[in-house]
Protein chains: 2
Amino acid sequence: MDAAAEVFAEHGFRNATVREICQRAGANVAAVNYHFGDKASLYAAVLAELSRLAQDRFPSDAGLDDNATPRQRLTAFIRSFLQRVLSEDLSARHGRIMAREMVEPTEALDRMARDYIQPQADLLRDILRDLLPPGTDPALTRLCGLSIVGQILFYAHCRPVLQRLQPEGAFAVPELDRLAEHITRFSLAALDALGRHNATTPRGRSGTRPALPR
Amino acid sequence: MDAAAEVFAEHGFRNATVREICQRAGANVAAVNYHFGDKASLYAAVLAELSRLAQDRFPSDAGLDDNATPRQRLTAFIRSFLQRVLSEDLSARHGRIMAREMVEPTEALDRMARDYIQPQADLLRDILRDLLPPGTDPALTRLCGLSIVGQILFYAHCRPVLQRLQPEGAFAVPELDRLAEHITRFSLAALDALGRHNATTPRGRSGTRPALPR
DNA sequence: GCGAGTTTGAAACGGTTGTTTGAAATGTCA
DNA sequence: TGACATTTCAAACAACCGTTTCAAACTCGC
């Protein structure tokens with residue numbers, strides 16, 4: 001399974017070959033079918049195991065006590081999410097596999113969305129509900145959540161592009177601490193401002209919002 | 001080439017088959033090798049053509065006159081970027097192919113990064129330089145650019161996931177107009193706040209920034 | 001130490017891939 | 001029309017894929 005995780009992370013489900021997996025594991029080609037039934041079941045087993053590892057290595061509420069403020073909870077959420085996505089050790093394979101799965105879904109994505117992604121989405125929604133003024137349009141809350149997740153997943157999806165951009169290293173992936181700090185600051189600043197404008201007209205569409213430049 | 005663009009967008013370079021391309025084009029299997037040399041050259045030709053189409057259908061300065069403000073230029077940049085990525089017509093194929101290329105690069109990505117992505121990155125950097133106070137740390141400018149691009153590309157990369165999230169449709173992809181407006185508002189709010197805090201200590205690291213919650 | 005149950009191994013199978021081949025069809029121009 | 005170049009076509013090729021087969025090797029309770 002360790003070898004399989006490596007190969008799946010490198011090539012994706014479809015392009016990974018059981019021959020390479022078995023070779024890297026020092027096993028025979030028939031081993032996969034004997035122990036797991038087929039390639040797809042091995043993939044499912046690897047994915048489940050990696051999700052479990054990533055989840056309890058970087059829990060979303062890392063270092064929070066019971067009465068943490070919403071701001072603290074968002075900070076922890078962003079940081080642990082980034083760690084799961086960017087960390088170079090075991091869970092890096094989880095991040096790479098998930099990134100591929102999002103762009104090119106297999107049947108495994110349905111279960112991942114339900115068991116792994118949905119709870120994260122619910123958690124973020126709850127944090128944002130506490131962070132934004134009461135009565136905030138749920139659609140706005142949702143959009144803010146997507147803006148935050150987007151900033152994070154960007155580094156999971158686009159690393160190959162960042163590495164190719166000039167000038168040398170200027171667009172390289174920043175170190176994780178610096179990155180988590182920036183995304184948190186950027187997002188909190190936006191949430192504060194959007195919350196302020198929205199609090200005055202909890203149900204209004206955009207009447208009192210500052211007009212966008214045209 | 002039209003059939004090829006379709007099939008490449010659906011399955012990616014590696015998983016697309018010349019047989020399906022030729023069948024969809026009503027041509028013989030040998031046609032690809034006869035007219036383009038090999039599968040990779042056809043892919044390169046398709047990618048170049050789609051980039052050209054997307055670029056002059058949704059130029060980054062759509063509807064701007066010469067003395068547009070930085071805020072207007074950012075608004076136009078975000079909107080046209082989103083259109084290139086999400087629009088359902090021709091350029092949808094370009095968006096899907098680019099998304100795949102970012103997660104699973106082929107040799108074609110090197111040229112795309114240089115000729116297509118780099119100019120966009122330079123443009124966004126210039127806009128942000130005008131938008132943030134003079135003396136802003138270039139690293140911060142860069143991070144803000146990545147935050148903005150991340151929010152946009154998220155919808156290109158994660159649509160399959162969004163469609164699978166409960167509750168029904170609540171996390172579906174919002175319509176483009178609403179989305180462009182949100183990302184612009186979210187980003188401008190963050191830029192304004194970060195600019196304010198940073199302007200007081202143009203070169204300082206984080207001394208006077210509001211402390212993050214722990 | 002032995003025999004039933006489990007695991008491994010080399011080889012092969014059927015299927016799909018990108019590419020090549022060489023003949024047939026089509027187009028071009030005197 | 002007749003010659004020549006260009007394009008299409010069905011068929012085949014070699015390589016690789018996931019999976020199966022079945023004999024050999026191993027494990028472990030007795």
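Quick note on labels: first sequence line is chain A, next is B, and so on, each numbered from 1.
A rotation axis mapping the C1' atoms of four pairs onto the next four is fitted at both ends of the helix from C/dG1-D/dC30 to C/dG27-D/dC4 over five pairs, and the angle between these axes is 10° to 10 degrees.
Using a distance-only test at 3.5 Å, with no hydrogens or angles considered, a donor-acceptor pair links the side chain of A/R100 to the main chain of A/A9. Judged by distance alone, the side chain of A/E101 and the main-chain N or O of A/T106 form a donor-acceptor pair under 3.5 Å.
For A/S41, the side chain to side chain donor-acceptor pair (under 3.5 Å) partners at least two apart in sequence or on another chain are A/D38. Partners of B/D177 under the salt bridge (Lys or Arg N to Asp or Glu O under 4.0 Å) rule, at least two apart in sequence or in another chain, are B/R79. Partners of B/Y116 according to the ring pair (Phe, Tyr, Trp, His ring centres under 6.0 Å) rule, which considers only residues two or more places apart in sequence or in another chain, are B/H94.
The aromatic rings of A/F186 and A/H182 sit tilted, their planes meeting at an angle between 30° and 60°.
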Counting primed atoms, P, OP1 and OP2 as sugar-phosphate and everything else as base, the B/S/- map of nucleotides 20-28 of chain C against protein heavy atoms under 4.0 Å is BB-------

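Looking at every heavy atom in both residues, B/A99 comes nearest to B/H157 through CB-CD2, 3.5 Å.
Side-chain atoms of A/E107 and A/Y43 form no donor-acceptor pair, as typed in the model, at a separation below 3.5 Å. At a cut-off of 3.5 Å, with distance as the only test, no side-chain donor of A/Q120 or A/R125 sits close to an acceptor on the other residue.
With rounding to whole Å, B/Y43 atom OH is found 17 Å from C/dG18 atom C1'. Atom NZ of B/K39 and atom P of C/dT16 are 16 Å apart (whole Å). Between the CG atom of B/L42 and the C1' atom of C/dG18 there is a distance of 12 Å, given to the nearest Å. Atom-to-atom, CZ of B/R14 to P of C/dT17 comes out at 13 Å; the value is rounded to the nearest Å. To the nearest angstrom, P of C/dG18 lies 10 Å from CG of B/N15.
Between the CG atom in B/N15 and the CD atom in B/E104 there is a gap of 7.0 Å [rounded to 0.5 Å].
Within the nucleic acid shown, B/A16 comes within 4.0 Å of sugar-phosphate atoms alone, with no base atom in reach, counting heavy atoms only.
Few gaps surround CD on B/E10; more than 12 heavy atoms of other groups in view lie less than 6.0 Å from it.
Protein chain A contacts DNA chain D from D/dC17 to D/dT21, reading 5' to 3' and using non-hydrogen atoms of the protein with a distance under 4.0 Å.
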